[in-house]
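Here's the structure we're looking at; comments come further down.
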Amino acid sequence: MPELPEVEVVRRGLANWVAGRTVADVQVLHPRAVRRQPAGAADFTARLTGTTLGTAQRRGKYLWVPLAGSGAGFSLIGHLGMSGQLLVQDPSVPDETHLRVRLRFADGGRELRFVDQRTFGGLAVEEAEDGDPEGTPLSIAHIARDPLDPRFDDVAFAAALRAKRTTVKRALLDQTLISGVGNIYADEALWRSRLHYDRPTATLTRPQAAELLANAREVMTAALAVGGTSFDSLYVNVNGESGYFSRDLDAYGREHEPCRRCGTPIRRAAWMNRSSYFCPRCQRVPRVRSGG
DNA sequence: CAGTGGCCCTGTCTGC
DNA sequence: TGCAGACAGGGCCACT
C-alpha cells in the first residue's frame, strides 16, 4: 500500500532511471490504467510518444514527470493506488501478469512498466501549471502539500485541523488537509501521539496537533530511510526490491501483539470499511461529557 | 459548503 | 474440493 515514503522511493527511482530519456513507443494494455485521460488511451499514447521525460516530482501520493520537447507544458502524472508499481525493466524480462502500460525509449535501454493488480492506480498526460518549472499538473491543485515538503505550513495545518468538525483519523487521511498519509502511517502517527482514531479534531490542543504532525513526519521519514513498508510483493521500488519498515511498525498489522509501550494487546477495529489498529490503553476515546 | 459514505477492482485467505 | 464472503484501501463523487 504505497503511501508517501513508498511513493518517494519510486520517485527517486524514476529520477535516476528515466530522466532525460525520449519516449519512442507507448502501449496501453488496460484502458482502466489511463481512465484519468479524458480523451482515452489513443490520446495518452499520442501525447507521450516522442516527448522527453524530465525529473520526477511528487506531492503526497501523486507522482509526475514534466515533459520536454513535443510535450512541453504537460506532465505524465501517476498514482499507484493500492497496488501500482512502476518498474524499470530490461526489455527481455517477460511481461508481468498485471502489466497495464509500457513505455519504450529511443535509446533502446530498460523500459518503464506500469504494473497494477487492483487497477486503483493509473497514468495520464495532463496540462501543467503555466510557467511552473516543476510542471505540477493542474488536476492536483486541490492536493495539500505533504509534511516532507519544505513549503508545508505547520502552523496553518494545526489551525485547520482544529477547525475541522470531524475525527482525527479522517482528517489525517484527508488529502486536501495534509497529503501522503494513508491508513498505515495514520495509525502509526496516532499510536506515537497516544491519540484514539475517533478523537474529535476540535478537542485537540495546539500542542497535541503539533505533536501529531511531528509524529507523522517522523514515522514517514524513518520509513523512507529503509525503503518504505512492504507487506508483500505489491509494493516494490523501480528495481523490484521491497522496503524494510514493516518490522518497525508499532500499531498497524499488530492485532493481539503487545503494545511496545505498555504491553496491552493491540486491537483492530473496523473503521470506514477498513481497519484501525490501536492500543486500547494508550489511546483512549475521550468520554463525551454531557451538559458541556 | 463541509462532511459522510458507497463504490471501483482483483488476489488471497478463511470458514462452511 | 468448492464456493462464498471478508479483506486489503485511495480517491472520486453523489448525497445530506
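The basis for the numbers below is simple: all heavy atoms, side chains too, and nothing from hydrogens, waters or symmetry mates. By convention in this document, chain letters (A, B, ...) are assigned in the order of the sequence lines, proteins followed by strands, and residues within each chain are numbered from 1.
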- Query: Do you reckon A/Leu204 sits in the same ILVMFWY cluster as A/Leu172, going by side-chain contacts under 4.5 Å, direct or chained?
  - Reply: yes
- Message: What is the distance, to the nearest angstrom, from the CE atom on A/Met272 to the C1' atom on B/dC7?
- Response: 12 Å
- Distance-only donor-acceptor test (3.5 Å): side chain A/Arg274, base C/dG10: yes
- Task: Write down the distance between CZ (A/Arg118) and P (C/dA6), rounded to a whole number of angstrom.
- Result: 17 Å
- Message: How many whole angstroms separate atom CG of A/Asp116 from atom P of B/dC9?
- Response: 12 Å
- Identify which nucleotide among C/dG10, C/dA8, B/dT4 has an atom closest to any side-chain atom of A/Arg170, counting heavy atoms from C-beta outward. B/dT4
- Query: Do A/Ile77 and A/Phe74 sit in the same hydrophobic cluster, where Ile, Leu, Val, Met, Phe, Trp and Tyr count as joined when their side-chain heavy atoms come under 4.5 Å apart?
  - Reply: no
- Query: Please give, in whole Å, the distance from B/dC13 P to A/Gln117 CD?
  - Reply: 11 Å
- Message: From C-beta outward on A/Asn273, which listed nucleotide comes closest to its side chain: C/dG11, B/dC9, B/dG6?
- Response: B/dG6
- Item | Nearest-nucleotide pick for A/Tyr277, side chain only, options being C/dA8, B/dG3, C/dC12 | C/dA8
- Task: May I ask you to say what A/Arg35 touches in the nucleic acid, namely base, sugar-phosphate or nothing, with a heavy-atom cut-off under 4.0 Å?
- Result: nothing
- Taking the side chain as C-beta and beyond, is there a heavy-atom pair between A/Arg36 and A/Ser139 under 4.5 Å? yes
- Message: Rounded to whole Å, how long is the line connecting atom CE of A/Met82 with atom P of B/dC7?
- Response: 18 Å
- Among B/dG3, B/dG11, C/dG10, find the nucleotide with the atom closest to the side chain of A/His79. C/dG10
- When you check the phosphate oxygens OP1 and OP2 of C/dG11, does a side-chain N or O of A/Lys61 lie under 4.0 Å from one of them? yes
- Message: Can you measure A/Asp174 atom CG to B/dC1 atom P for me and round it to whole angstrom units?
- Response: 16 Å
- Message: For a 4.5 angstrom cut-off between non-hydrogen side-chain atoms, does A/His98 reach A/Asp116?
- Response: no
- Give a yes/no on whether any side-chain N or O of A/His142 is located under 4.0 angstrom from OP1 or OP2 of C/dC12. yes
- Task: Taking only the side-chain heavy atoms of A/Thr119 (C-beta and beyond), determine which of C/dG11, B/dC9, C/dA8 contains the nearest atom.
- Result: B/dC9
- Respond yes when some side-chain nitrogen or oxygen of A/Ser83 is under 4.0 Å from OP1 or OP2 of B/dC9, and no when none is. no
- Message: Does C/dG10 have OP1 or OP2 under 4.0 Å away from a side-chain N or O of A/Arg36?
- Response: no
- Message: Regarding A/Asn16 and A/Arg11, do their side chains bring together a donor and an acceptor under 3.5 Å, going by distance alone?
- Response: no
- State whether A/Arg32 places a side-chain N or O below 4.0 Å from either non-bridging phosphate oxygen (OP1 or OP2) of B/dC8. no
- Item | Residue that, paired with A/Val238, satisfies side chain to side chain contact (heavy atoms under 4.5 Å, CB included) out of A/Leu112, A/Val10, A/Leu87, A/Val18 | A/Val10
- Item | Under-4.0 Å side-chain N/O to phosphate OP1/OP2 contact, A/His98 with B/dC9 | no
- So, is A/Gln175 near the phosphate of C/dG10, with a side-chain N or O under 4.0 Å from OP1 or OP2? no
- Message: From CD1 of A/Ile143 over to C1' of C/dG11, roughly how many Å is that when rounded to an integer?
- Response: 8 Å
- Whole angstrom is fine here: how far is it from OH in A/Tyr185 over to P in C/dA8? 17 Å
